[in-house]
Amino acid sequence: MIRTILGSVVALAGAASAVLSPFRDWYGGRAGQDYRVADLFEGITPTESGVLVSILLPFLGAALLVVLGVVLRSRLVVALAGLVVLGFTILWMVRQGQAAGSLVVGGDGAGLQVGVVNALAGGVLMLIGALLMTGRRSRREGRPVREREPVEPFAVPAADQVDTWPPTQEPGMSVQTSPWPEPEVDPYTGPDPRDPVHPPHRPPPPQG
C-alpha cells in the first residue's frame, strides 16, 4: 500500500511537470506551446501555434492517462503515459536539431532551456512512479491459500478383521465374509431323478 501511494504521488508529480513544461521556454526563448504537433512530424517552422494544437496536447493526454492509471492502480497505463511524454520530447529534439543544425545547451537563452528539462523529468517521474506502484491484485491472489490436510494412507487391516486388500472403497459386501475357511463341498450329488437313462435306485423294502 505504501509503495502504491508513493508511486502515485511520483507519477502525478511527473504529470504536473510535463503539463507545465510547454508554458516555459524550450529553445532560443521560444515556449513549448509555440510548437505545433504537426511540426514534430513535418519539421519545425517559425509559425506560431495555438495552445490546443501545440505540443501541450499530447502532454495533456499523458496526464489524463496518469490519473486513470492511478485510479485503476494500473502500472501499464502510467508507464505508457511516461513513454508518450518522453517520445514527443525526444521527437521534438530531433526536429529542432534538424532545423537549427545542432542542439546547443546554454544558459543565455540560445539553446535548450528549462521547459525541455521539465518535460524530460516529467516523463522519467512517470516511469519511476509506475515501477513503484504494486498494481492491482487479482481475486485469486487476494484470497488466502487454504492448506490441504494431509491424507493418511490406508492401513493394512488386522488378521481378525473382515475386509479386502487393497481397499477399494466401493459399496457392497467384502469378498471375504468370514475369517474362517469355507467348508469343502462334495462334488458328487448323486443321480438326478429327472434323468430317464440312469434313474435313481430305490432301496429294497425291508423284509419282515
Side-chain angles (χ1 to χ4, degrees), residues 1-138 141-142:
M1 181 62 69
I2 297 178
R3 287 188 56 183
T4 301
I5 296 176
L6 181 60
S8 301
V9 172
V10 173
L12 291 174
S17 178
V19 172
L20 292 177
S21 64
F23 298 98
R24 311 191 73 176
D25 294 340
W26 277 48
Y27 195 85
R30 189 177 181 183
Q33 62 180 350
D34 294 336
Y35 294 95
R36 299 180 303 170
V37 177
D39 292 345
L40 304 181
F41 301 95
E42 300 173 359
I44 301 297
T45 62
T47 305
E48 297 294 333
S49 173
V51 176
L52 297 180
V53 294
S54 68
I55 199 174
L56 175 64
L57 182 62
F59 289 177
L60 285 175
L64 293 177
L65 285 178
V66 170
V67 175
L68 181 63
V70 169
V71 173
L72 299 179
R73 296 172 59 184
S74 174
R75 303 172 62 182
L76 181 61
V77 175
V78 176
L80 178 62
L83 293 177
V84 169
V85 173
L86 291 177
F88 275 92
T89 305
I90 294 174
L91 181 60
W92 172 87
M93 295 174 66
V94 172
R95 292 301 186 184
Q96 182 62 43
Q98 292 175 350
S102 62
L103 288 178
V104 180
V105 179
D108 56 352
L112 295 175
Q113 295 181 325
V114 66
V116 180
V117 177
N118 290 147
L120 293 175
V124 172
L125 288 176
M126 292 179 192
L127 294 180
I128 295 176
L131 292 176
L132 291 176
M133 294 175 63
T134 56
R136 298 183 62 180
R137 295 182 179 180
S138 61
E141 294 179 356

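Start at 1 with the first residue, then count along the sequence.
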Might you point out which heavy atoms bring A13 and L125 nearest each other, and give the distance in Å? C-CD1, 4.3 Å
Test item: L127 and L83 side chains (from C-beta on) under 4.5 Å apart, heavy atoms: yes
Could you tell me the separation between the CE atom of M126 and the OG atom of S17, rounded to the nearest 0.5 Å? 8.0 Å
Beyond-backbone contact of T134 with R75, side-chain heavy atoms, under 4.5 angstrom: no
With a 4.5 Å limit on heavy-atom distance, are the side chains of Y27 and V116 in contact? no
Working for side-chain contact (heavy atoms from CB on, under 4.5 Å), residues T45 and R36: CA-CA 9 Å; T45 62; R36 299 180 303 170; 3.6 Å; yes
Do the non-hydrogen side-chain atoms of L72 and V77 ever get within less than 4.5 Å of each other? no
Can you name the closest pair of heavy atoms from V84 and P58 and give their distance? CG1-O, 4.1 Å
With a 4.5 Å heavy-atom cut-off, do V53 and V37 have their side chains touching? no
Once rounded to the nearest 0.5 Å, what's the spacing between atom CZ of R30 and atom CD of Q113? 12.5 Å
Answer yes or no: is there a side-chain heavy-atom contact under 4.5 Å between I55 and L40? yes
Closest non-hydrogen atoms of L65 and A81, given as atom of the first, atom of the second and distance, are CB-CB, 3.8 Å
Going from CD1 on I44 to CH2 on W92, what distance comes out if it is rounded to the nearest 0.5 angstrom? 7.5 Å
Apply the side chain to side chain contact (heavy atoms under 4.5 Å, CB included) test between L132 and each candidate in I2, I5, L6; give the one that qualifies. L6
About how many Å separate CG of L86 and CE of M93, when rounded to the nearest 0.5 Å? 11.0 Å
Do Q96 and L112 have side chains that get closer than 4.5 Å, going by heavy atoms? no
Rounded to the nearest 0.5 Å, what separates atom CG in L56 from atom OG in S21? 8.0 Å
Where is the tightest heavy-atom contact between T89 and A119, given as atom of each residue plus distance? OG1-CB, 3.5 Å
State the CZ-CG distance between R3 and L131, to the nearest 0.5 angstrom. 8.5 Å
Any side-chain heavy atom of V124 sitting closer than 4.5 Å to one from V85? no
Would you call the rings of Y35 and W26 parallel, tilted or perpendicular, taking 30° and 60° as the class edges? tilted
Closest non-hydrogen atoms of A18 and P22, given as atom of the first, atom of the second and distance, are O-CD, 3.2 Å
Smallest heavy-atom separation, R95 atom then D39 atom, equals CG-O, 3.9 Å
